[in-house]
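Written below as structure tokens is the structure these notes are about.
When a residue number appears, it is its place in the shown sequence, counting from 1. Computed from a prediction, not measured in an experiment: that's the story for all the values here. Order of listing sets the numbers, starting from 1, for every ligand and every atom in it.
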Amino acid sequence: MSQKTPRDFFKPLAIGAPAPMRDLPIRLERMIHFVPPHLDKVRAKVPDMAGSVDVMLANLEDAIPADAKDAARAGAIEMANMYDWQGKGTGFWSRVNPLNSPWFQEDVSELVLKAGHQLDVIMLPKVEGPWDIHFADQYVAQLEAKAGLTRPILFHAILETAQGMARVEEIALASPRMQGISLGPADLAADRKMKTTRVGGGHPFYRVIDDPNEDGSPRASAQQDPWHYTIARMVDACRMAGINAFYGPFGDIADLDACEQQFRNAFLLGCSGTWSLHPKQIAIAKNVFSPDPKEVVFARKILAAMPDGSGVAMIDGKMQDDATWKQAKVISDLADLVAEKDPDLAKAYAAG
Ligand SMILES: CC(C)(COP(=O)(O)OP(=O)(O)OC[C@H]1O[C@@H](n2cnc3c(N)ncnc32)[C@H](O)[C@@H]1OP(=O)(O)O)[C@@H](O)C(=O)NCCC(=O)NCCSC(=O)C[C@H](O)C(=O)O
Ligand SMILES: [Mg+2]
């Protein structure tokens with residue numbers, strides 16, 4: 001038997017470490033905003049930006065130069081103490097360097113020992129299999145015990161290798177610390193040997209083409225989504241494990257339309273949120289990952305028409321039954337969560 005017994009699964013991994021959570025906290029996580037914490041100018045913006053994002057993330061991994069890793073780690077710890085993250089309801093996360101890097105051990109130990117009381121989630125890049133989660137799980141439990149933490153820190157894995165993709169279900173189920181998984185399209189593309197230099201989004205060469213026209217006129221063609229399979233598989237693995245799926249980075253900061261479309265596809269397929277790399281992407285994520293007011297009004301009509309969630313009803317010519325009741329509940333519950341944070345959307349959702 002290679003798995004823990006059900007009883008052992010929820011035992012703390014170190015004496016004095018907090019008990020693992022049985023249920024994830026229900027939080028709005030429409031965008032995970034990436035901050036390069038070694039840059040004084042950007043770090044200084046954090047307190048003012050904190051209320052406008054759902055999650056603020058101090059990034060220690062890629063995009064941080066090797067000679068700035070120590071400064072980024074120190075900046076992340078400063079960020080942890082710049083705002084009352086726990087009290088004011090904005091998530092505070094950090095993406096650490098990979099397990100095989102010279103920085104992982106110090107990243108995690110410094111964060112947990114010096115900022116663990118503020119830290120909600122450690123994002124683990126380039127996770128290849130459950131063994132990576134198990135190693136980090138044990139290490140963090142020891143540090144939590146040493147720091148005297150009473151609330152366990154959760155894990156978020158990034159899918160950025162073919163092996164990680166192939167083992168996504170095992171990763172999702174590896175520990176009760178697992179909060180969610182994001183797609184890392186840039187590293188994943190490289191590892192898969194996809195022929196692109198883009199960070200997420202479509203590609204002009206990845207398309208389908210109409211059959212030839214009899215008159216020889218030009219054939220219509222349309223770009224396709226190269227990430228459809230990957231996102232759908234990640235969503236299934238996450239939802240099976242009761243954790244959340246996230247789209248990752250969209251690297252063309254100037255192309256706001258394409259960013260919005262990529263986010264929207266992920267939202268429709270089941271993702272809870274995305275990363276924002278630049279302030280411009282925050283509003284896009286907020287808009288896309290909050291349900292559309294018209295959909296909310298319609299969803300609530302379904303719930304009202306079938307108060308116990310069973311039977312059949314017709315609304316605006318569309319058949320509703322137990323399954324559409326469940327769909328409506330997903331949208332309505334998310335709208336309730338958004339409304340707690342956003343008074344304008346609360347009004348729009350109530351308008352119906
Ligand atoms: C991408 C950036 C380097 C662009 O920065 P910059 O050139 O400074 O942009 P602007 O001049 O347009 O900036 C306007 C102002 O906004 C501030 N700014 C910029 N970015 C941020 C931010 N993330 N948070 C807060 N504030 C920000 C600038 O300082 C300007 O301020 P001011 O001068 O006062 O007007 C930059 O946006 C950036 O570094 N973003 C984060 C990049 C990052 O984290 N990359 C790693 C994640 S993606 C990844 O790792 C790939 C993934 O793992 C995979 O495999 O797929
Ligand atoms: Mg990456």
- Query: Hey, which residues fall under 4.0 Å of ligand 1 on heavy atoms?
  - Reply: His33, Phe34, Pro36, Lys41, Val42, Lys45, Met49, Asn59, Asp62, Ala63, Arg95, Glu160, Gly184, Pro185, Ala186, Asp187, Pro249, Trp275, Leu277, His278, Pro279
Which side-chain N or O atoms in residues 183-195 pair as donor and acceptor under 3.5 Å with protein atoms at least two apart or in another chain?
residue	atom	partner	partner atom	Å
Asp187	OD2	Lys126	NZ	3.2
Asp191	OD2	Ala162	N	2.7
Arg192	NH1	Thr230	OG1	3.2
Arg192	NH2	Thr230	OG1	3.0
Lys195	NZ	Lys193	O	2.5

Does a donor on one side chain and an acceptor on the other come within less than 3.5 Å for [X] and [Y]?
X      : Y      : answer
Asp120 : Gln86  : yes
Asn265 : Gln261 : yes
Thr161 : Glu128 : yes

- Message: A side-chain contact here means heavy atoms from C-beta on lying under 4.5 Å apart; do Gln262 and Thr274 qualify?
- Response: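 A side-chain contact under 4.5 Å is absent here.
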- Does atom CG of Asp23 have more than 12 heavy-atom neighbours from other groups under 6.0 Å away? no
- Query: Got a sec: does the NZ of Lys146 have more than 12 other heavy atoms crowding it under 6.0 Å?
  - Reply: no
- For the student: nearest non-hydrogen atoms of Ala174 and Phe9, plus distance: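 Heavy atoms of Ala174 and Phe9 come nearest at O-CE1, 3.9 Å.
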- Message: Checking one residue: Tyr229. Which other hydrophobic residues are in its cluster under the side-chain 4.5 Å linking rule?
- Response: none
- Counting no waters, how many protein N/O/S atoms sit under 2.8 Å from the Mg ion (ligand 2)? 2
